[in-house]
Amino acid sequence: MIDLTDLRARPEAYQDAAKKKRIAVDVGSFLKLDETRRGLILAIDEMRAKKNAVSKAVPTMKGTEKEKTIAQMKKLGDELKAKEEELQTIEVKFQHTLLLLPGIPLDRVPVGKDDSENVEIRTHGKIPKFAFEIQSHMTIGTNLDIIDVPRGVKIAGSRSYFLKGDGARLELAVLLFTLDHLAKKGFTPFIPPVLANYDALMGTSYFPGGEEQAYAIGVQKEKDGALESDGLFLIGTSEVSVASYHSGETLALEELPKRYCGISNCFRREAGTYGKDTQGLYRIHQFQKVEQVVLCENDPKVSAAMHAEILQNAEEVLQALELPYRVVDVCTGDMGRGQVYKNDIETWMPSRNSYGETHSCSTFYDFQSRRLNMKYVARDGSKKFVHTLNNTCIASPRILIPILEIYQNKDGSVTIPEVLRPYMGGKKIIEK
RNA sequence: GGAGGGAUGGCUGAGUGGUCGAAAGCGCCUGACUUGAAAUCAGGUAGGCCCCCUGGGUCUCGUGGGUUCGAAUCCCACUCCCUCCGCCA
């Protein structure tokens, strides 16, 4: 959520941000709504003040004066109710639109329409050359019997899969390695609820807008089969639960920054992606992820330093796995509503003959913390909204794509990255 | 799934229709006393919104609705928590 005072002061900056982020929202009509709303609040407050004053005096009255006053108040009460209903209608619209207004991207963010206009800022590692004809992770995984898509589809429909045997172990190895790496850096690991309510999804700014990407939880009604909602949703990232951990709280300055990481299954409906990335483990409904979440002081310098830190943590994991990657500045059109700055890390995927997105590092400033009502006591004693940031540290099985493909051998076996071997009982190679 | 109990300020907890945003205690802050601290004493101590903003108004006693001139208090619905029984990883 944006700062209303700031919006009133420079509405054009928000309209510009919406345009650059390709978000359809009319700041001008929102401001008109805001004015109407404030006018109504003023009128209502005045009526209430009168009502309260008279009600206070009623007990001291008697006889006809009392009866007359009560009759007048009844009339005022009716008028008040009508005004309140009017306000309610406007309030709903107001709050809804308020949640749609975007955070303003930093000046350094490249302007662009979609991910094709993201800007590479650095690369790391050499793109491998193979002396033999390479196989895709799907061929490798199927032949080694560590990935089974057909049976996944049998059980859970399209975009489903089984990881099996060393495939399952490899995923856990990569997750545990990452978790250990973050623990060394002082990050507190969380196993969060994977079910979250509307407030958590709204607070992290997935809702409103992202409803169709989330699985809703409920029971099917016997009669018509419609979903009777429990009001809960499966999270698409542990950011939802972990960033909401301190919602409604006021933290002490000394507690900051909070360095947290969530490890969880993540669920995405991938609605509207028919025909996109249908092959393999790139775009699927369920995956596991270690996600970094940071809460820090409301200071652009501090959050910029934290952004660099969590970006580096992820890069270090890729470097340890010896996977080539590049970092891009995400352009305005590919950013979310709330983010002010975002980098993606893309890891080299031989079968795609390109880099594929594996990480996403976002700075929100106070966009999320305003929605989550998450404050801290600043140096001057005032209460301020924290800055929030998050970044993937590893997401699997997507990361298995480069691992299997880059570490594949001519005979169809896969060498296990050295740093993962301790997590697989010292095993060095996955073979038939 | 069955039975019961509960939700009030940072915490404990009083309050069953009118001057209650709310007693008391604890905690915290400020001041006095003290070499310092403790103890003691005095004062202060929720948040949101709106305005003609050194001030004023309004809303909030789990949430939403209702009754009433007036609701923390009465009525209805919902949510969450706790205890016991049953079932269960």
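Only heavy atoms go into these numbers, but all of them, side chains included; no hydrogens, no water, no symmetry mates. Residue numbers start from 1 in every chain, and the chains themselves are labelled A, B, ... in the order their sequence lines are given, proteins ahead of strands. These numbers were taken from a predicted model, which means no experiment stands behind them.
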Legend entry - Any strand: nucleotide that pairs with B:G55 via Watson-Crick or wobble, under 3.5 Å: B:C51
Inset, instruction - Assign A:Arg8 to base, sugar-phosphate, or nothing according to its heavy-atom contacts below 4.0 angstrom with the strands shown. - result: sugar-phosphate
Legend entry - B:G44 to B:G48 separation - C1' atoms, rounded to the nearest Å: 22 Å
Legend entry - Nucleotide paired to B:G31 in any strand shown, Watson-Crick or G-U, under 3.5 Å: B:C41
Inset, instruction - Go ahead and name the base partner of B:A14; Watson-Crick or wobble counts if both distances stay under 3.5 Å, otherwise write none. - result: none
Inset, instruction - Kindly say if A:Arg48 contacts the phosphate of B:G70, meaning a side-chain N or O under 4.0 Å from OP1 or OP2. - result: no
Legend entry - Gap between atoms CD and C1', on A:Glu35 and B:C49 respectively (whole Å): 17 Å
Legend entry - Short side-chain N/O contact from A:Asn52 to OP1 or OP2 of B:G18, under 4.0 Å: no
Inset, instruction - Return the 5'-most residue of the pair A:Leu4, A:Ala71 with respect to RNA chain B, ranking by each residue's nearest nucleotide. - result: A:Leu4
Legend entry - Distance in angstrom units between A:Lys383 NZ and B:A46 P, rounded: 10 Å
Inset, instruction - Once you apply the 3.5 Å cut-off to both distances, tell me the Watson-Crick or G-U wobble partner of B:U73, or none. - result: none
Inset, instruction - For B:G86 and B:G17, measure between their C1' atoms and round to the nearest Å. - result: 43 Å
Inset, instruction - Decide whether A:Asp6 and A:Tyr14 meet the rule of one side-chain donor and one side-chain acceptor closer than 3.5 Å. - result: yes
Legend entry - Whole-Å C1' distance, B:C29 and B:G66: 43 Å
Inset, instruction - Examine the side chains of A:Gln368 and A:Gln339 and answer whether a donor and an acceptor come within less than 3.5 Å of each other. - result: no
Inset, instruction - Taking atom C1' in both B:C59 and B:G21, compute the distance separating them and give it to the nearest angstrom. - result: 11 Å
Inset, instruction - Report yes if a side-chain nitrogen or oxygen of A:Arg38 is closer than 4.0 Å to either non-bridging phosphate oxygen (OP1 or OP2) of B:C49; otherwise report no. - result: no
Legend entry - Between P of B:U58 and NZ of A:Lys83, the distance in whole Å: 18 Å
Legend entry - B:A72 versus B:C20 - spacing of their P atoms, nearest Å: 12 Å
Inset, instruction - Report the distance from atom CZ of A:Arg37 to atom C1' of B:G48, rounded to the nearest whole Å. - result: 11 Å
Inset, instruction - May I ask you to decide if the ring planes of A:Phe207 and A:Phe233 are parallel, tilted or perpendicular, using 30° and 60° as cut-offs? - result: perpendicular
Legend entry - A:Lys51 side-chain N/O to B:A71 phosphate OP1/OP2 under 4.0 Å: no
Legend entry - Whole-angstrom distance between B:A22 and B:G56, as gauged at atom P: 15 Å
Legend entry - A:Tyr341 and A:His307 aromatic ring geometry - parallel, tilted or perpendicular at 30°/60° bounds: tilted
Inset, instruction - Rounded off to whole Å, could you give me the CD-to-P distance for the A:Gln88 and B:U63 pair? - result: 15 Å
Inset, instruction - Check whether the side chains of A:Glu171 and A:Ser396 place a donor and an acceptor atom closer than 3.5 Å, and report yes or no. - result: yes
Legend entry - Nucleotide B:C49, atom C1' - distance to CG of A:Asp34 in whole Å: 12 Å
Legend entry - Watson-Crick/G-U partner (both atom distances under 3.5 Å) of B:U19: none
Inset, instruction - Take atom P in B:U30 and the same atom in B:A46, then report the distance between them in whole Å. - result: 16 Å
Inset, instruction - Would you mind reading off the distance between A:Leu87 atom CG and B:C50 atom C1', rounded to a whole angstrom? - result: 11 Å
Inset, instruction - Quickly work out the A:Leu80 CG to B:G70 C1' distance and round it to whole Å. - result: 13 Å
Inset, instruction - Please measure how far the P atom in B:G57 lies from the corresponding atom in B:C84, and state the result in whole Å. - result: 50 Å
Inset, instruction - Just compare B:C69, B:G47, B:C49 and give me whichever is closest to any side-chain atom of A:Ile41. - result: B:C49
Legend entry - Under 3.5 Å on both distances, the Watson-Crick or G-U partner of B:G1: B:C85
Legend entry - Pair partner, B:U79 [Watson-Crick or wobble, under 3.5 Å]: B:A7
Legend entry - Pairwise 5' ranking along RNA chain B for A:Lys74 and A:Glu46, keeping only the more 5' one: A:Glu46
Inset, instruction - Please check the phosphate of B:U67 (OP1 and OP2 only) for any side-chain N or O of A:Lys81 closer than 4.0 Å. - result: yes
Inset, instruction - Answer yes if the side chains of A:Glu316 and A:Gln312 hold a donor-acceptor pair under 3.5 Å, and no otherwise. - result: yes
Legend entry - A:Tyr245 atom OH, neighbour heavy-atom count above 12 within 6.0 Å: no
Inset, instruction - Could you tell me whether A:Lys375 contacts a base, only the sugar-phosphate backbone, or nothing, with contacts defined as non-hydrogen atoms closer than 4.0 Å? - result: sugar-phosphate
